[in-house]
Amino acid sequence: MTQTGDGHRSAGWFGMTGKNGFTHRSWMRNQGFSPEVFDGRPVIGIANSWSELTPCNAHLRRVAESVKRGVWQAGGFPLEFPTMSLGETLMRPSTMLFRNLMSMDVEESLRANPVDGTVLLSGCDKTTPAQIMGAASVDLPSLMVTGGPMLNGKFKGGDIGSGTHVWKFSEDVRAGRMSQEDFLAAEQCMSRSNGHCMTMGTASTMACVIEALGLQLPGSAAIPAVDARRYVTAQQAGQRIVEMVREDLRMSRVVTRRSFENAVRVNAAIGGSTNAIVHLLAIAGRLEIPLDLDDFDTLAKDVPLLVDLMPSGDYLMEDFYYAGGLPAVIRELGELLHTDAATVTGRTVGENVANAPRYGSDVIRTVAEPLREEAGTAVLRGNLCPDGAIIKRSAVSEHLARHRGRALVFDTIEEFNERIDDEDLDVDAGTVLVVRYAGPKGYPGMPEIGNLALPPKLLREGVEDMVRISDARMSGTSYGTVVLHTAPEAAVGGPLALLRTGDVVSLDIPARTLDMAVGDDELARRRQEWAPPPHATERGYTRLYTEHVLQADRGADFDFLVGGSGAEVPRVAF
Ligand code: FES
C-alpha cells in the first residue's frame with residue numbers, strides 16, 4: 001500500500017496507487033468532486049443522526065451543510081454519512097436499548113472509512129452519548145455539534161416545557177384539574193420549532209455536559225435550533241475540526257479525568273438529568289478513564305444549583321441562552337472546576353470563558369446566591385441497593401428526604417399502570433411505590449418509567465409527591481422524590497427482587513441510605529424461592545444486549561465495548 005499526502009489516515013485510501021487507489025477515488029468522483037480533494041487534505045466525516053423519525057434531529061441535514069462550509073473554508077474535504085438515530089418519543093421499547101448499538105455503528109463507520117477527523121451531529125437524548133461513545137473508542141480528532149433546543153413552548157400566556165409539562169398536565173387531567181380540550185390544545189403549543197427538548201432534560205443536559213467535557217465549541221450547547229447562530233457555530237466547528245486534525249488533537253488528548261470531574265460538577269450546577277450518569281460512566285469506560293458512581297455524589301457535594309430551568313426550576317433553554325448559557329455558568333463556578341482542563345478549541349476551559357457575560361440575575365444565579373445550596377446526585381447504599389441507587393437532590397421534596405413507608409410493589413410497569421387508578425388500591429401518601437424488573441436486562445433496556453404516576457385519589461387530596469423506587473431510569477424532564485438505577489437490578493437477583501408489598505422501606509438522603517426492614521434470615525429464605533425471569537428473546541440484537549449489558553452503576557455499556565479499538569487503517573481486500 002502506498003500513501004501520499006501529508007500522512008493523514010485517509011491517505012491509506014485516497015493516497016494509494018494502482019487498482020486500490022483507482023477504486024477508492026474513481027467511485028467518489030461520481031459525486032462530482034474535483035481531483036484536488038484527494039491531495040492529502042484532512043477528510044472530515046460528518047456523522048449525522050438526522051432522521052424524520054427522530055424529530056429532535058430532523059433539521060440536522062441543514063446543520064451539516066454549515067459544517068461542510070467550514071470544512072471547505074479551512075481546506076478540508078467534508079463527507080457526510082448517516083448514523084443510526086434514536087428518537088426518544090417514538091422508539092420502543094426504549095431508546096436506551098439501542099444506545100450501545102448506535103455507538104457501535106458510529107465506531108465502525110469511522111474505523112472502516114477514510115476519515116481523519118469527525119464532527120458528530122446529534123440532538124435527541126441518546127444520540128449524543130451514543131456518538132461520543134463510538135467516537136471515543138476510535139479516538140480520532142472529534143468535535144460535537146448538537147442541534148440545539150426548541151423555542152420555548154407557549155400555552156395560555158405562559159411558558160411550557162418539553163416533557164415536564166406533559167407529566168404535569170397528565171397528572172392535572174387525572175386529578176380533574178384540566179380538561180381534555182385544554183390537554184389537546186397544549187399538545188399543539190409545546191413543540192414550536194426544530195430542536196430537542198428545551199427543558200433541562202437529558203438532551204440539554206448532555207449538550208451542556210459534552211461542552212463541559214471540552215468536546216463542543218464554547219457557548220454552543222444552548223443556542224436555539226432555529227437561531228442563525230446555531231449555523232454559525234456549526235460552520236466554526238467545521239473550520240476547527242480541520243485544524244484539530246492538523247494538530248492531531250485526538251479525543252484522548254482533550255478529555256481526561258479532570259474533564260469528567262468538570263462535567264460531573266457542571267451537571268450538578270445546571271440541575272442536569274440523572275441520565276447523564278449512565279452516559280458519562282459509559283463514555284469514561286470507552287476512554288478507560290476511572291470514574292465511578294460515587295464520584296457523582298462526592299464531586300458534586302459542594303456544588304450549588306445555579307441554573308433555574310425546568311424541571312428543577314422555572315425557565316427554559318431559550319432563556320438560558322439569552323442569560324449567557326453554559327460559559328456564564330462555567331465562569332461563575334470558577335475554582336470549583338479545573339479551569340486548566342483542555343478543550344477542542346486548543347484553549348483551556350478557563351480561557352474559553354474568561355470574558356463570558358451573564359445577563360440578568362434570575363436564570364443563572366451566582367455561587368454566593370444560588371437557587372439551591374445542594375444540587376447534584378445523592379448515591380444511596382443499603383440492603384436494597386448494595387451497588388448503589390441514585391436520586392436527584394434538586395428534584396426531591398424536602399419532607400420526603402427522610403422517609404419510612406410501606407412498600408407497594410409491582411413487577412411490571414404494565415401491572416402498575418393497570419392498578420394505579422383503582423380507587424380501592426391500598427395506598428396513602430406515605431406509601432413507597434416500587435416497580436422492578438425494569439433495569440438494563442429486565443425490561444430489557446432500562447426505560448424511563450421511574451417517575452411513576454401518582455394515584456388519582458391522592459392527587460385529588462393534594463398529594464404532589466411520593467417516594468418512588470425502581471431499577472429503571474427517568475426522563476430528564478421529570479421531577480419528584482424518585483430513586484432510580486437500583487443496582488443490582490431485580491432481573492439479576494438484586495435485593496429489590498426480594499422486596500414484598502407491606503415491607504417497610506427507609507429512605508434517608510442526608511445519610512445516603514436505602515433499606516428494607518427485612519431480616520437477613522428472611523431475605524435468605526426469599527432468595528431460595530426466587531427464580532430469574534425468562535429472557536425477553538432468544539435471538540438478534542436484544543439477545544446480544546441482555547447477554548452483555550453491564551449494570552447501571554457501570555454505565556449500562558456492553559462488557560466487550562469498554563475501551564477502544566483505535567483508528568488504525570484496516571486491511572484492504574480488493
Ligand atoms: Fe428528543 Fe426530548 S424527545 S430531546
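Predicted model, so just to flag it, every value in this text is computed and none were measured. Just follow the structure's listing: the first ligand is 1, and inside any ligand the first atom is 1.
In summary, His196 places no N/O/S atom under 2.8 Å from atom 2 (Fe) of ligand 1, failing the contact criterion.
Near Cys56, with a cut-off below 4.0 Å to any heavy atom, the atoms of ligand 1 are 1 (Fe), 3 (S), 4 (S). For ligand 1, the atoms lying closer than 4.0 Å to a non-hydrogen atom of Ala203 are 4 (S). Listed by number with element, the atoms of ligand 1 under 4.0 angstrom from any heavy atom of Cys124 are 1 (Fe), 3 (S), 4 (S). For ligand 1, the atoms sitting less than 4.0 Å from at least one non-hydrogen atom of Thr89 are 3 (S), numbered in the order shown with element in parentheses. Taking every heavy atom of Glu88 and a limit of under 4.0 angstrom, the matching atoms of ligand 1 come to 3 (S). Within the listing of ligand 1, atoms 2 (Fe), 3 (S), 4 (S) sit less than 4.0 angstrom from a heavy atom of Cys197.
A side-chain hydrogen bond (donor to acceptor under 3.5 Å, both in side chains) with Arg473 is found for one member of Thr202, Asn451, Asn275, Thr274 and no other, namely Asn275. For the side chain to side chain contact (heavy atoms under 4.5 Å, CB included) test with Ile46, the passing option among Ile241, Leu120, Val67, Val115 is Val67; the others fail.
Taking the side chain as every heavy atom from C-beta outward, Phe320 and Cys208 approach each other to under 4.5 Å.
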Could you walk me through whether Val329 and Leu333 pass side chain to side chain contact (heavy atoms under 4.5 Å, CB included), step by step?
-> CA-CA 6 Å; Val329 176; Leu333 287 171; 4.0 Å; yes
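In this structure, Phe558 and Tyr545 have perpendicular ring planes: the angle between them is above 60°, well past the 30° mark.
For Ser94 (side chain) and Gly445 (main-chain N/O), a donor-acceptor pair under 3.5 Å exists by modelled atom type.
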